[in-house]
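Working notes, beginning with the structure itself.
Everything quoted here is computed from the prediction, not taken from an experiment. Labels below follow one simple rule: chain letters A, B, ... track the order of the sequence lines, proteins then strands, and each chain is numbered from 1.
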Amino acid sequence: MRRAPTILHLDMDAFFAAAEQAAKPSLRGKPVVVGGIGPRGVVSTASYEARVFGVRSAMPTAQARRLCPNAAYLSPRFSVYRQVSDSVMQLLHALSPLVEPLSLDEAFVDLEAGGVAADSAAARAVGEQLRRDIRAVTGLTGSVGLAGAKMLAKIASEAAKPDGLRIIEPGTERELLAPMTVRTLPGVGPATAEALRRAGITTVAETAEAGEAELVRLLGRAHGAGLYAMALGRDDRPVVAERDAKSVSVEDTFEVDLTDRTRVRNELVRLAERCVQRLRAAGRSGRTVVIKVRNYDFSTLTRSETLRGPTDDPAVVREAAVRLLDLVDTTGGVRLLGVGVSGLADFTQEDLFAQLATEQEAAEAAQQARGAAVAGEEQGGAEPEEERPRRWHPGLDVVHDEYGAGWVQGSGVGRVTVRFEQPWSAPGRVRTFAVDDPALRPGEPLPLVGGAPEPDPVRGGAGPATGGEGEASAMAGGPMSGAGGPDPDALESDGPGAGRVEPRRTEAICREPGSQKAERPGPDRPEAHRQDLVRPESGWAGASGEGEPVEGRGSSGPSEISAPGEACRGS
DNA sequence: TCTGGGGTCCTAGGACCC
DNA sequence: TCTGGGGTCCTAGGACCC
């Protein structure tokens with residue numbers, strides 16, 4: 001515990017949702033929910049406008065839709081968030097060599113080690129400047145906590161949200177923490193809180209009064225002792241720059257439980273290969289292979305096997321995974337499968353000959369596969385590689401030959417609805433195309449700031465905002481390009497600036513006393529991941545396209561999203 | 001309401017060794 | 001003949017975090 005508040009914790013505000021609002025002008029000031037779009041999806045991040053309606057991180061998306069049917073529901077675009085995160089982390093590294101990232105949107109910084117602040121006033125100045133810099137570089141807001149210990153800095157940034165800065169002065173922490181719920185302390189989740197509650201402990205003060213011995217008795221050695229220290233405001237953990245990953249894993253939840261044993265096996269093999277790809281990309285190898293199986297009833301089990309030495313050989317991992325699967329009863333249905341590797345090393349100890357042998361095998365197998373393909377023996381699965389995605393996820397970046405850059409607002413019943421706008425443009429308008437319209441293809445994410453209004457990608461055509469080009473195509477039939485006539489969607493779309501609300505205003509609405517802190521999991525849990533796990537045949541697109549205000553149907557998109565307090569109320 | 005994906009750390013029991 | 005401790009490794013599960 002230091003005598004000056006020189007440990008800084010930065011937490012970006014509603015990170016994923018804020019990034020989407022920055023990228024999509026028509027969504028600014030509107031409720032936005034980023035997360036899994038499928039029937040089993042959960043919310044990663046809700047914008048502050050969506051939180052007004054009770055939408056929270058980790059909530060099933062289906063429940064969020066009931067609470068706030070008019071929000072924009074978007075799949076995460078991790079490449080964009082990573083890019084923004086990198087530029088934020090760069091700003092942090094300018095302050096100190098000791099930067100400890102906790103996730104894409106969160107990090108500790110040791111200001112003392114950086115020599116940029118030795119007292120409270122200096123720390124505040126650094127924190128405020130950092131917030132300005134983040135805004136200038138990314139267009140997004142972040143909240144800063146400053147204290148003499150990590151735990152307190154994190155509590156401070158939470159209290160500062162959104163778009164604020166808070167200092168906990170060393171010496172004041174016990175008084176400050178005393179009345180707070182024990183859930184405030186890191187490491188206290190639902191189970192620990194319940195165990196403590198049964199012992200009559202609900203506040204931090206009561207936790208401290210209970211004493212270390214009692215807490216150890218209730219919670220076990222490590223957890224009890226750690227919690228006792230935290231309750232006293234004691235936390236000596238240093239800011240640690242880089243930590244090597246200890247495991248790599250991938251998992252998929254299926255839209256419909258898998259019952260066919262062969263299918264389960266095939267999916268597991270796919271996962272094993274994906275896992276090894278990630279392992280190799282990280283330049284690592286591992287010794288323990290783990291599989292995870294979640295059953296139809298949500299019961300979950302793991303099976304693991306430790307090899308004689310570390311490997312990054314897909315065949316070795318795949319075979320271990322399949323062996324482990326043989327130990328598991330999957331009758332009744334499998335909801336989720338996962339494959340992981342732990343016991344990571346930086347190199348492989350497998351003997352060179354074995355390595356060469358498997359590579360040769362793989363080469364031969366590939367050769368055979370090619371032969372089979374040529375002979376026309378391949379069945380259905382491997383259709384020729386198309387440039388278009390199998391599904392048009394809401395939020396996906398696209399480019400249209402005629403209308404330029406935009407993003408998918410929704411899709412279904414053979415159509416895809418696109419809003420043509422860029423981060424620096426006015427809110428754009430919506431057009432609907434056939435899903436197989438050849439003029440429409442996936443596009444690169446655009447930078448959130450500094451994107452020069454590029455020359456119009458449309459050769460000789462008017463820009464997307466000019467209007468009058470007519471409907472591109474429509475209806476479930478094939479592409480009907482270039483027909484004239486006004487675009488009905490365009491007529492109903494936002495004019496420039498319409499419906500624009502300064503984000504700050506609605507954030508303020510959300511900032512009701514106590515409304516944030518009482519809630520766990522916290523308001524920002526953007527570390528969720530691929531939600532687009534739907535297997536091709538299960539087809540969420542039809543489901544989501546039908547009757548979803550944001551995701552489909554021409555004009556009823558975000559352009560018609562009402563301000564918070566109007567539309568979403570009482571549905 | 002029906003529960004994602006990617007991680008970390010801890011506990012506990014059994015095997016095995018000294 | 002009945003019963004040591006301690007250490008390490010492996011496996012399984014659970015809590016927690018974002």
Side-chain angles (χ1 to χ4, degrees), chain A residues 9 11-12 14-16 34-45 54-67 75-76 78 81 85 101-107 151 154 157-158 183 185-195 216 219-227 237 240 243-255 271 274-275 278 282 287-308 324 327-328 335-344 520-534:
Chain A
H9 181 256
D11 201 334
M12 299 293 288
F15 185 49
F16 292 1
V34 180
I37 294 302
R40 287 177 169 177
V42 301
V43 173
S44 289
T45 313
V55 179
R56 293 287 179 274
S57 297
M59 173 183 283
T61 301
Q63 186 185 357
R65 286 187 197 274
R66 283 189 289 274
L67 291 170
S75 290
F78 285 100
Y81 312 146
S85 178
L102 299 177
S103 65
L104 285 179
D105 83 317
E106 212 182 306
M151 165 192 71
K154 194 159 161 57
S157 71
E158 189 64 40
R183 295 284 322 251
L185 301 177
V188 181
T192 304
E194 177 56 20
V216 167
L219 307 173
R221 181 77 250 166
H223 202 179
L227 190 61
R237 294 171 302 165
V240 180
R243 288 177 296 181
D244 276 350
K246 303 196 166 168
S247 67
V248 170
S249 66
V250 297
E251 61 187 58
D252 274 4
T253 292
F254 306 100
E255 277 207 354
L271 288 162
R274 242 165 70 198
C275 184
R278 295 246 320 269
R287 200 157 86 87
T288 302
V289 177
V290 192
I291 69 163
K292 176 171 167 182
V293 179
R294 174 121 73 212
N295 296 301
Y296 66 101
D297 62 355
F298 219 73
S299 61
T300 307
L301 60 79
T302 63
R303 292 292 176 268
S304 66
E305 179 182 317
T306 298
L307 310 168
R308 286 224 293 274
L324 291 165
L327 307 174
V328 180
R335 179 190 179 94
L336 168 149
L337 283 175
V339 175
V341 176
S342 60
L344 298 194
R520 281 277 193 113
D524 299 310
R525 293 179 59 261
E527 270 308 275
H529 301 284
R530 301 178 26 116
Q531 310 285 345
D532 50 334
L533 300 171
V534 188

side-chain contact (heavy atoms from CB on, under 4.5 Å) for A:Thr45 and A:Tyr81? Distances and angles first, verdict last. CA-CA 12 Å; A:Thr45 313; A:Tyr81 312 146; over 6 Å; no
Would you tabulate the nitrogen or oxygen pairs shorter than 3.5 Å linking the protein to nucleotides 12-14 of chain C?
| unit_1 | atom_1 | unit_2 | atom_2 | d |
| --- | --- | --- | --- | --- |
| C:dA12 | OP2 | A:Ser304 | N | 2.6 |
| C:dA12 | OP2 | A:Ser304 | OG | 3.2 |
| C:dG13 | OP2 | A:Thr302 | N | 2.9 |
| C:dG13 | OP2 | A:Thr302 | O | 3.1 |
| C:dG13 | OP2 | A:Arg303 | NH1 | 3.3 |

Below 3.5 Å between N/O atoms, which protein atoms pair up with nucleotides 7-11 of chain B? Just atom names and distances, please.
| unit_1 | atom_1 | unit_2 | atom_2 | d |
| --- | --- | --- | --- | --- |
| B:dG7 | OP1 | A:Arg278 | NH2 | 2.2 |
| B:dG7 | OP2 | A:Ser249 | N | 2.7 |
| B:dG7 | OP2 | A:Ser249 | O | 3.3 |
| B:dG7 | OP2 | A:Ser249 | OG | 3.2 |
| B:dT8 | OP1 | A:Lys246 | N | 2.7 |
| B:dT8 | OP2 | A:Ser247 | N | 3.4 |
| B:dT8 | OP2 | A:Ser247 | OG | 2.8 |
| B:dC9 | OP2 | A:Lys246 | NZ | 3.2 |
| B:dT11 | OP1 | A:Arg221 | N | 3.4 |
| B:dT11 | OP1 | A:Ala222 | N | 3.0 |

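Phosphate contact (OP1/OP2 of C:dC18, side-chain N/O of A:Lys154, threshold under 4.0 Å): present. Between A:Arg294 and B:dT3 there is no side-chain N or O to OP1 or OP2 distance below 4.0 Å.
Qualifying side-chain contact (heavy atoms from CB on, under 4.5 Å) partners for A:Ser85, counting only residues two or more places apart in sequence or in other chains: A:Met89, A:Leu104. When the side chain to side chain donor-acceptor pair (under 3.5 Å) test is applied to A:Ser342, no partner is found at least two apart in sequence or on another chain. Listed by chain and residue number, A:Ile291, A:Val293, A:Leu301, A:Arg303, A:Thr330 satisfy the side-chain contact (heavy atoms from CB on, under 4.5 Å) test with A:Val328 (two or more places apart in sequence, or in another chain). Taking A:Arg278 as the reference, nothing meets the side chain to side chain donor-acceptor pair (under 3.5 Å) condition, with sequence neighbours excluded. Every residue two or more places apart in sequence or in another chain was checked for a side chain to side chain donor-acceptor pair (under 3.5 Å) with A:Ser249, and none qualifies. The side chain to side chain donor-acceptor pair (under 3.5 Å) check on A:Asp244 picks up nothing, with sequence neighbours excluded. A search for side-chain contact (heavy atoms from CB on, under 4.5 Å) contacts involving A:Ala62 returns A:Arg66, not counting sequence neighbours. For A:Arg221, the side-chain contact (heavy atoms from CB on, under 4.5 Å) partners at least two apart in sequence or on another chain are A:Glu212, A:Val216, A:Ala225.
Taking atom CZ of residue A:Arg56 and atom C1' of nucleotide C:dC18, one finds them 16 Å apart after rounding to whole Å. Between the CG atom of A:Leu102 and the C1' atom of C:dC17 there is a distance of 9 Å, rounded to whole Å. Following rounding to the nearest Å, A:Met59 (CE) and C:dC18 (C1') show an atom-to-atom distance of 17 Å. Between the CD atom of A:Glu158 and the P atom of C:dC17 there is a distance of 12 Å, given to the nearest Å. Put simply, CG on A:Leu336 is 12 Å from P on B:dT3, counting in whole angstrom units. Following rounding to the nearest Å, A:Tyr296 (OH) and B:dC2 (C1') show an atom-to-atom distance of 16 Å. Summarising the geometry, the separation between OH on A:Tyr81 and P on B:dG6 is reported as 16 Å, rounded to the nearest angstrom. Distance, A:Arg66 CZ to B:dC2 P: 5 Å, rounded to whole Å.
Nucleotides B:dC16 and C:dG4 have their C1' atoms positioned 16 Å apart, rounded to a whole Å.
When every heavy atom of A:Pro186 is checked against every heavy atom of A:Met151, the shortest pair comes out as CD-CG, 3.7 Å. Among all heavy-atom pairs drawn from A:Ser157 and A:Asp11, the shortest one is OG-CB, 4.1 Å.
Note on ring orientation: taking the six-membered ring where Trp is involved, the planes of A:Phe16 and A:Phe78 are perpendicular (angle over 60°, cut-offs 30° and 60°).
In this pair, A:Phe298 lays its aromatic ring flat on the base of B:dT3, centres within 5.5 Å and planes under 30 degrees apart.
Helical stems of DNA chain B (runs of at least 3 Watson-Crick or G-U pairs, donor-acceptor distances under 3.5 Å) are listed by first residue: B:5-18 with C:5-18.
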